[in-house]
Amino acid sequence: AQSVTQPDIHITVSEGASLELRCNYSYGATPYLFWYVQSPGQGLQLLLKYFSGDTLVQGIKGFEAEFKRSQSSFNLRKPSVHWSDAAEYFCAVGARHTGNQFYFGTGTSLTVIP
Amino acid sequence: EAGVTQFPSHSVIEKGQTVTLRCDPISGHDNLYWYRRVMGKEIKFLLHFVKESKQDESGMPNNRFLAERTGGTYSTLKVQPAELEDSGVYFCASSQVRLVNEQFFGPGTRLTVL
């Protein structure tokens, strides 16, 4: 069965520090992978997605993620965090044969301290 | 272009009452999805409409939940009668093509059942 694991429930980083949010998935074929962010009172906003090709994908707001098939991972990174990055981040897996439904992780809540 | 909108943003009801959530997808999006996040858990798929037809309702928890999509436009999700375990955030998403692609999410409706 498909599943997504985000092992870090909550992370606190200092503004300007680097960030890495972990995501591991379980899926029988090549997955389609997504990272979404939810700021308070907002909907889920797509940060980036991976379908195929280059395993390092660039997203909005300076985020990037790397697909590693051997590790079944799709970790999200940002070299320098800004206070406005404080939000909840969700990793998701999708695939055509599952009817287009997405499978989400439990989310990682990010706090940024000055 | 207006995004996905959901109404109400919050709803507090008592056990046994009925609640109806509404989702207006992005204009022209044939695909409409409902998801739910119970506190501390992952966001879980409920069902998928293609236009007015239910494509996949495998995630609907039980027959107390009824989803409709009138004329292939907006959708409603009715919970009758509501139980305590129905509390959570209900997200709606829409997408333009019947492929795994970017699903545009609404801000969610926070439902609290007392």
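Values below: every heavy atom of this structure, side chains too, minus hydrogens, waters and symmetry copies. In this text the structure is predicted, and so the values were computed from the model without any measurement. The sequence lines fix the lettering, A, B, ..., with proteins before strands; numbering per chain opens at 1.
- Shown are A:Thr5, A:Thr106, A:Val4; of these, the side chain to side chain contact (heavy atoms under 4.5 Å, CB included) with B:Glu42 is made only by A:Thr106.
- Placement of B:Leu47 and B:Val50 in two distinct hydrophobic clusters is found when ILVMFWY residues are connected by side-chain heavy-atom separations under 4.5 Å, directly or transitively.
- A:Gln101 and B:Asp56 get closest at one heavy-atom pair: NE2-OD2, 3.5 Å.
- Of the atoms belonging to B:Ser58, it is side-chain heavy atoms, and not backbone ones, that fall under 4.5 Å from chain A.
- The CZ atom of B:Phe45 lies 11.0 Å from the CZ atom of A:Phe102; values are rounded to the nearest 0.5 Å.
- B:Tyr35 and A:Phe104 have their aromatic ring centers within a separation under 6.0 angstrom.
- B:Lys54 NZ: more than 12 foreign heavy atoms inside a 6.0 Å radius.
- The line from CD of A:Gln38 to CZ of B:Phe91 is 4.0 Å long, rounded to the nearest 0.5 Å.
- Relative ring orientation between A:Tyr36 and B:Phe105 is described as perpendicular, the plane-to-plane angle rising above 60° on a 0-90° scale split at 30° and 60°.
- Annotation for A:Ile9: atom CD1 does not count as buried by contact number, only 12 or fewer foreign heavy atoms lying within 6.0 Å.
- Using a 4.5 Å cut-off between heavy atoms, B:Gln103 contacts chain A through both its backbone and its side chain.
- For chain B, no part of A:Gln6 is nearby; none of its heavy atoms comes within less than 4.5 Å.
- Under the 4.5 Å side-chain heavy-atom criterion for ILVMFWY residues, a single connected hydrophobic cluster contains both A:Phe63 and A:Val93.
- Interface residue B:Arg37: only side-chain heavy atoms are found under 4.5 Å from chain A.
- In the hydrophobic clustering of ILVMFWY residues, with side-chain heavy atoms under 4.5 Å counting as a link, B:Met60 and B:Ile43 come out apart.
- When hydrophobic clusters are built by joining Ile, Leu, Val, Met, Phe, Trp and Tyr residues whose side-chain heavy atoms come closer than 4.5 Å, directly or via intermediates, A:Leu47 is grouped together with A:Val81.
- Taking hydrophobic clusters as Ile, Leu, Val, Met, Phe, Trp and Tyr residues chained together by side-chain heavy-atom distances below 4.5 Å, B:Leu32 does not share a cluster with B:Val89.
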